[in-house]
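Here the structure comes first, spelled out in structure tokens, and everything after it is commentary.
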Amino acid sequence: MLVVALLTGLALGVRAAYLAITAAAADDPVTVDTPEVTSAPEDAETTGPPTDDELANPVDCVPGAVAVSVGLPSSTLARGASTSLPVTVTNTGPVPCLVDVGRAQLVVEIHSGDDLVWSSQHCGRGERRVLLDIDGEDVTTFEWDGHRSWPSCPAKRPVAEPGSYRAVVTLTSAEGGGTELATTESVFTVR
């Protein structure tokens, strides 16, 4: 019985001390600087070298992990002349990745202002899926014959008139509704 009385007294003493400390803290608050803790977004890139699993099991390239560029032979092209448009896709990400560089996902368009003059999608489609190593590149060459194009790909098409043009390259993913992975454009003149 004596033990129970001692334990009860000890508990009451601890409670009284707690209440006294709590009341004092309310009258004289203590400010403690704590660093702000933020967590990285789930889709954020990780730093450091890729793991063996990431190297052995490449995934589809994601936006920001690839870049595209188009090479024009000159900033001035001859009216009605065929021109090679080499498009380079580069893996700028931290791990190897898969990308479809076929005509359905890698598209070159020639614009004059808001007018779509020519598109690589209008004639011919195909798939060409490649594995790009870290800093790896793949080059696909498109041929523009200097004429306008339409989806039905008619044989007789008018020549693109002299003026200012833009070659716009867009790479989209084959999965997930065609998410844009990368885009670029280059300005040139037809004379």
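In what follows, every heavy atom counts, from backbone to side chain, and hydrogens, waters and symmetry copies are set aside. In this chain, residues are counted from 1 in sequence order. Predicted model, so just to flag it, every value in this text is computed and none were measured.
At least one donor-acceptor pair under 3.5 Å links the side chain of Q121 to the backbone N or O of A104. In this structure a side-chain-to-backbone donor-acceptor pair under 3.5 Å is missing from T170 to V107. Without hydrogens or angle criteria, H122 side chain to S120 main chain gives no donor-acceptor distance under 3.5 Å. Under a 3.5 Å cut-off, the side chain of S173 and the backbone N or O of T179 do form a donor-acceptor pair. Judged by distance alone, with hydrogens and angles left aside, the side-chain atoms of T189 form no donor-acceptor pair with the main-chain N or O of S164 at under 3.5 Å. Checking side-chain atoms of R157 against main-chain N and O of R148 turns up a donor-acceptor pair under 3.5 Å. Looking at N91, its side chain does come within 3.5 Å of a backbone N or O of G93 through a donor-acceptor pair.
In this structure the side chain of E180 never reaches within 4.5 angstrom of the side chain of L171, judged on heavy atoms. Looking at heavy atoms from C-beta onward, P94 lies out of side-chain contact with I134 at the 4.5 angstrom threshold. R79 has its side chain out of reach of R191: every pair of non-hydrogen atoms, C-beta onward, lies at least 4.5 Å apart. In this structure the side chain of H111 reaches within 4.5 angstrom of the side chain of V168, judged on heavy atoms.
Note that OG of S69 is 13.5 Å distant from CD of E185, once rounded to the nearest 0.5 Å. Separation of atoms CZ (F188) and CD1 (I110) is listed at 4.0 Å; rounding is to 0.5 Å.
Between E143 and S84, the shortest heavy-atom contact is OE2-OG, 2.6 Å. Taking all atoms of both residues into account, the shortest heavy-atom contact from G113 to R166 is O-NH2, 2.9 Å. Nearest approach of A182 to A67, heavy atoms of both residues: CB-CA, 4.2 Å. Residues A78 and V190 approach most closely at C-CG1, 4.4 Å, considering heavy atoms. The two residues P73 and L77 have their closest heavy-atom pair at CG-CD2, 4.1 Å. Taking both residues in full, the closest heavy atoms of P86 and V139 are given as CB-CG1, 4.1 Å, listed atom of the first, atom of the second, then distance.
V68 and V70 fall within the same hydrophobic cluster, defined by Ile, Leu, Val, Met, Phe, Trp and Tyr side-chain heavy atoms under 4.5 Å apart, directly or through other members. By the rule that hydrophobic residues join a cluster once side-chain heavy atoms approach within less than 4.5 Å of another member, V89 and V108 end up as members of one cluster. Cluster membership for L116 and L85, using ILVMFWY side-chain heavy atoms within less than 4.5 angstrom, is not shared. Hydrophobic clustering of Ile, Leu, Val, Met, Phe, Trp and Tyr side chains at less than 4.5 Å, counting indirect connections, unites V87 with V130. Y165 and L72 end up in the same hydrophobic cluster when Ile, Leu, Val, Met, Phe, Trp and Tyr side chains are linked at under 4.5 Å.
The salt bridge (Lys or Arg N to Asp or Glu O under 4.0 Å) test applied to E137 returns no partner, not counting sequence neighbours. Residues forming a side-chain contact (heavy atoms from CB on, under 4.5 Å) with T140 (at least two apart in sequence, or on another chain): V101, L106, R128, D138, F142.
Using a 4.5 Å cut-off between side-chain heavy atoms of Ile, Leu, Val, Met, Phe, Trp and Tyr, L98 falls into a hydrophobic cluster with L131.
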Does L132 form a side chain to side chain contact (heavy atoms under 4.5 Å, CB included) with V99? I'd like the steps, not just the answer.
CA-CA 7 Å; L132 291 176; V99 65; 3.8 Å; yes
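In this pair, W118 and W144 present their aromatic rings tilted. The plane angle is within the 30 to 60° band.
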